[in-house]
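One structure is given here, and the rest of the page talks about it.
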2 protein chains.
Amino acid sequence: MAATIKDIAKLAGVSPGTVSRVLANKTAFFSQQTGEKVQAAAAKLGYQKNTAAAELVTRQSNVIAAIVNSTKTNFASPIIEGIQAEAHRRDLDVIILYAGDGDPEQQRRALTTVIERPVRSILLLSVDLAAENLPLLQRSRIPFCFLSISFDDVRVPYITSDDWQVGYQATRTLLAAGHRRIGFAGVDRDFHTGRQRLAGYRRALQEAGVSPQPEWIQFGNYSYTAGQAAMQAYGAQPDVTAIIGASDLATVGVLNQARSLGLQVPADLSLLAIDGTDICELVRPALSSVSQNFYDMGVAGVQQVSAGNAIPQKITPIKVVPRASIRRLVSE
Amino acid sequence: MAATIKDIAKLAGVSPGTVSRVLANKTAFFSQQTGEKVQAAAAKLGYQKNTAAAELVTRQSNVIAAIVNSTKTNFASPIIEGIQAEAHRRDLDVIILYAGDGDPEQQRRALTTVIERPVRSILLLSVDLAAENLPLLQRSRIPFCFLSISFDDVRVPYITSDDWQVGYQATRTLLAAGHRRIGFAGVDRDFHTGRQRLAGYRRALQEAGVSPQPEWIQFGNYSYTAGQAAMQAYGAQPDVTAIIGASDLATVGVLNQARSLGLQVPADLSLLAIDGTDICELVRPALSSVSQNFYDMGVAGVQQVSAGNAIPQKITPIKVVPRASIRRLVSE
DNA sequence: ACAATTTACACAAACGTTTGCTTTAGCGCT
DNA sequence: AGCGCTAAAGCAAACGTTTGTGTAAATTGT
């Protein structure tokens, strides 16, 4: 049906091989004249390359796959933008797959769809791969790199912020504003990320000479509802004067629940969000945040998998950006 | 390097053809015994199918591509979830491509990456394709369908809400709450969607006997900043008592700008958002909205392209969901 | 016991490229 | 004139599947 390289060859009066070289712009192999003839024929026929065929013989493609878990936390877009920008710079195309939300079967599905075709490399955005699926990835021999997630047990390449620093800097920020009773809301206890952030938090507190009460830490899964639930647990007369939200969304959950409980932010309660996506600017008061550089994470990811060399882990810098959700406490 | 069907054949002592049929589970063609032998060999070799080869001969694949424009308006996720759900029900895989934000070159790039390989069909989420790129799509003979966007000039399949109704119902809702001086903020004037919504808005007003002032309508591109700018234009003593925001994000822009101007929502100004995504629940007051059913749009999209029959356009229902941003006016 | 049918498998072509190798033609040099 | 050299293009194999056709063995019916 569709025009092939052979049709062009016939029309231009050359061999298919030559057409291939012209189309690939291997200028060393053909004269300008035939080049023009072939281009003209291709245009006339409305030729569309059959990439499946090309990939079959070259065992290569120029697409890089980004697998993202569809959790409601929304930092995926800046990462993807970073990936896209860097990929295009290298003349690579990007396809994105959703891997569900921790469902191993959906992960496997997304994984096999990319592994079965010769993608150049695989980027996994914040997906905590089920143990059973990791071998699939490794066996494929395709370069891969996790983004915005870290591990302590397995040796796999990942790029992320320094989670310990995130917790530490967040806490220091609040301490610097005069707070001492500081909560941490919606953070998980099961993964590296959560544990590290908590460790940084505890260390900062300890350095300041305050020993955190167990109920200051409200565990959760970074979601809006986790934030709500956490604030519900703190109650209308919270023991804490400031709360670190485990994610932007979680912090908004805290914020809204606080309001429901009759608390003013930041007058009665200070808030500091972790992530620093657009959401911080959407709500009022705008949320102060320790912000991750998701865009750079994306470009670093592409660089990592393209380099192929084994920089196994990389850290992208964080910065705290003050907005309007923290009240500076006068010394008591 | 990687194991092929021939390696399996050798190991299992059968022909490659048989292996292919076993792996494709064409049970009519092999005995249970050889089936098991082949499966065992495949497992032992860690066989991964080479989809490029398969697609080359079958000229078919089971992936459907979703192309989304990366505008900051965020309804893409529910649509994609809908697509994903319906696709998996049909045993199809979904890949997602970003097509930039109205940049024809990026659109072309995304388009060719999917056209060059045998995707089953193409769904375009809210991308207003540059005129020069449409032929690319049509020439490819791949079934496609636009989602969440409509056209008046070109005859292409699309699925969207009834934009006229969106404008009409939004306005009626505000009228029903006693408002008469109603603004429309951040809506575009160049595309079908904006024009239709405006037409519905004007009609509802007219039916209620009110003639809209030109400055009640503030044009824009549906973005947060468009909302801000619109509110800035309305000013601190707005002529209107209620405003329809062209999108959730635009409405939040209006909301925040209103607050900056010293206006209380809904006490001084009522707001109604169009779209009804999660964002409406994030801000305070929660935004009342006329909500589109994006999820259903996604499933309808894959049904449409799968059916292949030419239901050219389809409408998904809308509903108005009241939250907290509209004040009921007592009759004056 | 033999033809007819079915079952189970092998064989080989085909899909549309890419690319190493070969061939041809044209040219300058001695 | 004969040589080597280069530029240009053709030839054909290969990539890993799928699938229509051919065929031997097993099964059934008479």
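Computed over heavy atoms, backbone and side chain alike; hydrogens, waters and symmetry mates excluded. Naming convention: chains lettered A, B, ... in sequence-line order (proteins, then strands); numbering from 1 in each chain.
A/T4 has no side-chain polar atom (N or O) that falls below the 4.0 Å cut-off from OP1 or OP2 of C/dG16. Dashed line: the shortest gap from a side-chain N or O of B/S31 to OP1 or OP2 of C/dT7 is not under 4.0 Å. Between A/K26 and C/dT19 there is a side-chain polar atom (N or O) within less than 4.0 angstrom of OP1 or OP2. Here B/K6 does not reach the OP1 or OP2 of D/dC15: none of its side-chain N or O atoms lies under 4.0 Å away. Taking side-chain N and O atoms only, A/K49 has a distance below 4.0 Å to OP1 or OP2 of C/dT18.
When distances run from any side-chain atom of A/A54 to the nucleotides C/dT17, D/dT18, C/dG16, the shortest one goes to C/dT17. Between C/dC15, D/dT18, D/dG20, one nucleotide has an atom nearer to the side chain of B/S20 than all others, and that is D/dT18. Ranking C/dC11, D/dT19, D/dG10 by closeness to the B/T58 side chain, first place goes to D/dT19. Listed nucleotides D/dA9, C/dC9, D/dT17 differ in distance to A/T18; the shortest reach to its side chain belongs to D/dA9.
Of the residues listed (A/I79, A/V299, A/L147), the one engaging A/I159 in a side-chain contact (heavy atoms from CB on, under 4.5 Å) is A/L147, and it is the only one.
With rounding to whole Å, B/D7 atom CG is found 9 Å from D/dG16 atom P. Atom CG of A/L56 and atom P of D/dA14 are 13 Å apart (whole Å). Rounded to an integer number of Å, the gap from B/R21 CZ to C/dC9 C1' is 8 Å. Between the CG atom of B/L23 and the P atom of D/dT18 there is a distance of 8 Å, rounded to whole Å. Rounding to whole angstrom units, NZ of residue B/K10 and P of D/dG16 are separated by 12 Å. Distance, B/F30 CZ to C/dT6 C1': 17 Å, rounded to whole Å. In this structure, the CD atom of B/E36 is 13 Å from the P atom of C/dA8, given to the nearest Å. If you take CD of B/E55 and C1' of C/dT17, they are 14 Å apart, rounded to a whole angstrom.
We find that A/E86 and A/R90 are joined by a salt bridge, their nearest charged nitrogen and carboxylate oxygen being less than 4.0 Å apart. One finds a salt bridge joining A/D91 and B/R109 here, because a Lys/Arg side-chain nitrogen approaches an Asp/Glu carboxylate oxygen to under 4.0 Å.
For the pair A/R21 and A/F29, the cation-pi criterion (under 6.0 Å, within 45° of the ring axis) is fulfilled.
In terms of the side chain to side chain contact (heavy atoms under 4.5 Å, CB included) criterion, residue partners of A/P104 (sequence neighbours excluded) are, by chain and number, A/A130, A/E132, A/N133.
From one end of the helix from C/dA1-D/dT30 to C/dT30-D/dA1 to the other, with five pairs defining each end axis, the axis direction shifts by 40° (rounded to 10°).
Nearest-nucleotide positions on DNA chain C for A/I5 and B/F29 put B/F29 closer to the 5' end.
Within 4.0 Å of B/G13, counting heavy atoms only, lie sugar-phosphate atoms of the nucleic acid but no base atom. Using a 4.0 Å heavy-atom distance criterion, B/T34 is classed as a sugar-phosphate-only contact.
Note that the CD1 atom of B/I149 and the OG1 atom of B/T160 stand 8.5 Å from one another [nearest 0.5 Å].
Residues A/N221 and A/S223 have side chains that bring a donor and an acceptor to within less than 3.5 angstrom of each other.
A donor N or O paired with an acceptor N or O is not found under 3.5 Å between the base of D/dG16 and the side-chain atoms of A/R117. Contact annotation: side chain of B/R59 to base of C/dG16, donor-acceptor pair absent below 3.5 Å.
You'll find the ring centres of A/F151 and A/F191 outside the 6.0 Å limit.
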